[in-house]
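Proteins come first, then strands; the chains are lettered A, B, ... in the order of their sequence lines, and each starts at number 1. In this text, all values refer to a predicted model and were calculated from it rather than measured experimentally.
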Amino acid sequence: MKATIVSPFNKLPLSFYRRSNVVKIAKELLGKIIVTTFDGITTTGRIVETEAYNGAGDKASHAYGNRRTNRTEVMFSEGGVAYVYLCYGIHHLFNVVTNVKDTPHAVLVRAVEPMIGIEQMLLRTGKRKLDSTLTKGPGNVSKALGIHTRHTGRSLTGDEMFIADDGYIVKPAAVAATMRIGVDYAAEDALLPYRFIVRDNPFVSGRKLKL
DNA sequence: CTGACGATTCACT
DNA sequence: GTGAATCGTCAGC
């Protein structure tokens with residue numbers, strides 16, 4: 001996958017997010033571009049790894065059993081906003097909220113391929129040079145793109161954060177579905193094939209997929 | 001108010 | 001492979 005822009009960015013419309021099949025949306029987000037512009041600085045990355053969290057019936061989801069708390073309330077919003085929360089007291093994890101109001105679906109973005117603003121991403125992460133660790137893993141994605149828990153609930157169709165389609169197509173044969181990462185507590189739901197990756201992309205987290 | 005813990009990462013053995 | 005870092009969230013008292 002080349003880190004080049006195929007054509008002008010087209011901001012994904014709300015209709016993309018408000019559909020009911022979050023697993024399908026997670027798959028379709030592969031190849032799309034996250035664009036953030038904070039304090040006038042733009043950084044972008046192409047999504048290469050996602051995970052679907054399938055609402056009230058998904059034991060791995062924070063919204064399992066329709067649990068509404070101050071933190072999870074944003075997951076119950078109308079699709080098209082960001083759900084960002086703090087994990088292990090350190091990492092800010094970025095999710096895309098989907099479906100309609102009161103149906104708490106979300107897609108966790110686990111890895112992107114850096115495109116624009118790599119110098120700024122290096123500054124934010126304190127890394128010296130570009131390598132796959134810059135945006136591999138959900139904590140690193142947020143750090144590089146400048147996404148913080150303060151951005152939870154923020155619109156994904158505004159100017160500060162949005163997701164764009166530049167016409168790039170990930171070949172269906174290059175997409176693989178696997179179990180989600182770090183959700184062992186979810187019992188049988190941990191086995192669901194809700195994680196999507198672009199095969200052989202160096203920015204995808206976890207161990208290399210066996211053939 | 002208190003304590004346990006997490007959709008992780010990184011350094012170290 | 002193992003363990004520490006680090007703090008907001010949440011259930012329970």
Side-chain angles (χ1 to χ4, degrees), chain A residues 17 22-23 25-27 29-30 34 45 47-77 79 81-99 103-114 121-154 156 163 176-198 202-209:
Chain A
Y17 302 101
V22 67
V23 178
I25 294 172
K27 190 173 181 176
L29 280 171
L30 293 180
I34 301 180
I47 298 171
V48 297
E49 176 179 357
T50 61
E51 281 180 358
Y53 285 84
N54 197 15
D58 182 354
K59 290 180 182 172
S61 173
H62 292 161
Y64 175 57
N66 273 319
R67 190 171 61 137
R68 301 179 89 117
T69 67
N70 226 40
R71 178 180 66 157
T72 63
E73 189 60 32
V74 63
M75 294 182 81
F76 293 82
S77 306
V81 300
Y83 168 48
V84 188
Y85 74 96
L86 187 66
C87 188
Y88 292 96
I90 306 171
H91 308 291
H92 301 253
L93 271 54
F94 169 72
N95 298 254
V96 175
V97 174
T98 70
N99 213 318
T103 303
H105 289 184
V107 177
L108 172 67
V109 176
R110 292 190 55 88
V112 305
E113 183 172 312
M121 296 190 216
L122 291 171
L123 276 176
R124 285 171 178 155
T125 57
K127 295 180 190 289
R128 271 192 95 74
K129 61 177 178 49
L130 171 62
D131 62 29
S132 69
T133 68
L134 183 62
T135 51
K136 179 201 292 274
N140 291 326
V141 168
S142 296
K143 196 169 184 183
L145 295 176
I147 298 170
H148 187 276
T149 53
R150 78 173 68 90
H151 300 118
T152 200
R154 198 68 60 90
L156 290 176
I163 300 178
T178 79
M179 297 186 305
R180 291 173 290 185
I181 305 291
V183 295
D184 292 346
Y185 59 85
E188 71 276 12
D189 287 351
L191 304 176
L192 295 168
Y194 283 181
R195 172 172 174 253
F196 296 95
I197 64 175
V198 176
F203 292 88
V204 169
S205 69
R207 291 172 51 194
K208 198 172 188 311
L209 192 65

Enquirer: Could you give me the stems involving DNA chain B, meaning stretches of three or more consecutive Watson-Crick or G-U wobble pairs whose two defining distances are both below 3.5 Å?
Expert: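 Runs of three or more consecutive pairs: B:1-6 with C:7-12, B:8-12 with C:1-5.
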
Enquirer: Any side-chain N or O of A/Thr69 under 4.0 Å from OP1/OP2 of C/dC10?
Expert: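 Checking C/dC10 against A/Thr69, a side-chain N or O does come within under 4.0 Å of OP1 or OP2.
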
Enquirer: With no hydrogens and no angle check, is any side-chain donor or acceptor of A/Arg124 less than 3.5 Å from a backbone partner on A/Leu145?
Expert: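 Yes; judged by distance alone, with no hydrogens or angles, the pair exists.
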
Enquirer: Pick out the pairs of N or O atoms, protein on one side and nucleotides 1-3 of chain B on the other, that lie under 3.5 Å.
Expert:
none

Enquirer: Can a salt bridge be assigned to the pair A/Glu188 and A/Lys59 using a cut-off of 4.0 Å between side-chain N and carboxylate O?
Expert: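 Yes, charged N to carboxylate O under 4.0 Å.
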
Enquirer: Pick out the pairs of N or O atoms, protein on one side and nucleotides 4-8 of chain B on the other, that lie under 3.5 Å.
Expert:
unit_1, atom_1, unit_2, atom_2, d
B/dG6, N2, A/Gly89, N, 3.3
B/dG6, N3, A/Tyr88, N, 3.4
B/dA7, OP1, A/His62, NE2, 2.5
B/dA7, OP2, A/Tyr185, OH, 3.1
B/dA7, N9, A/Tyr85, OH, 3.3
B/dA7, N7, A/His62, NE2, 3.0
B/dA7, N1, A/Asn95, OD1, 2.5
B/dT8, OP1, A/Arg110, NH1, 3.2
B/dT8, O2, A/His91, NE2, 2.6

Enquirer: Is there a side-chain contact between A/Lys136 and the phosphate of B/dC10, meaning an N or O under 4.0 Å from OP1 or OP2?
Expert: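 No, A/Lys136 has no side-chain N/O under 4.0 Å of OP1/OP2 on B/dC10.
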
Enquirer: Please check if the side chain of A/His92 supplies one atom and the backbone of A/Thr149 the other of a donor-acceptor pair under 3.5 Å.
Expert: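 A pair under 3.5 Å: yes.
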
Enquirer: Students often get this wrong, so: under 4.0 angstrom with heavy atoms, is A/Arg68 touching a base, only sugar-phosphate, or nothing?
Expert: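 Answer is nothing: A/Arg68 stays at 4.0 Å or more from every strand.
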
Enquirer: Taking B/dT2 as the reference, what is the distance to C/dT6 when you measure between their P atoms (whole Å, please)?
Expert: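 These two P atoms come out 22 Å apart once rounded.
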
Enquirer: To the nearest 0.5 Å, tell me how far A/Leu192 CG sits from A/Glu51 CD.
Expert: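 One finds 11.5 Å between CG of A/Leu192 and CD of A/Glu51.
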
Enquirer: Should the ring pair A/Tyr85 and A/Tyr83 be called parallel, tilted or perpendicular, given that the plane angle runs from 0 to 90° and is split at 30 and 60?
Expert: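 Geometry flag for A/Tyr83 against A/Tyr85: parallel rings.
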
Enquirer: Mark yes or no for whether A/Thr125, through its side chain, and A/Asn140, through its backbone, hold a donor-acceptor pair below 3.5 Å.
Expert: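 Looks like no, no N/O pair under 3.5 Å.
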
Enquirer: Could you tell me the separation between the OG1 atom of A/Thr50 and the CG atom of A/Leu29, rounded to the nearest 0.5 Å?
Expert: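 These two atoms lie 6.5 Å from each other.
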
Enquirer: Find the distance between CZ (A/Arg110) and CG (A/Leu93) and round it off to the nearest 0.5 Å.
Expert: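 These two atoms lie 8.0 Å from each other.
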
Enquirer: Going by the rule ring pair (Phe, Tyr, Trp, His ring centres under 6.0 Å), which residues pair with A/His91 if we only count those two or more places apart in sequence or in a different chain?
Expert: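 Here no residue qualifies.
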
Enquirer: Could you tell me whether the side chain of A/Ser77 and the main chain of A/Val74 form a donor-acceptor pair under 3.5 Å?
Expert: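 Yes, because the side chain of A/Ser77 sits within donor-acceptor range (under 3.5 Å) of the backbone of A/Val74.
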
Enquirer: For A/Arg180, enumerate each residue passing the salt bridge (charged side-chain N to carboxylate O under 4.0 Å, His left out) test, keeping only those at least two apart in sequence or located in another chain.
Expert: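 Salt bridge (charged side-chain N to carboxylate O under 4.0 Å, His left out) check on A/Arg180 returns A/Asp58.
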
Enquirer: Whole Å only: how far is the CD atom of A/Glu73 from the C1' atom of C/dG8?
Expert: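 Rounded to the whole Å, the gap is 17 Å.
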
Enquirer: What I'd like to find out is whether the side chain of A/Asn66 reaches to under 4.5 Å of the side chain of A/Pro104, using heavy atoms alone.
Expert: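 Yes, side chains in contact.
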
Enquirer: What protein N or O atoms touch nucleotides 11-13 of chain B N or O atoms at under 3.5 angstrom, if any, and at what distances?
Expert:
none

Enquirer: Can you tell me how far apart OG1 (A/Thr72) and NE2 (A/His62) are? Round to the nearest 0.5 Å.
Expert: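 The NE2 atom of A/His62 is 9.0 Å from OG1 of A/Thr72, to the nearest 0.5 Å.
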
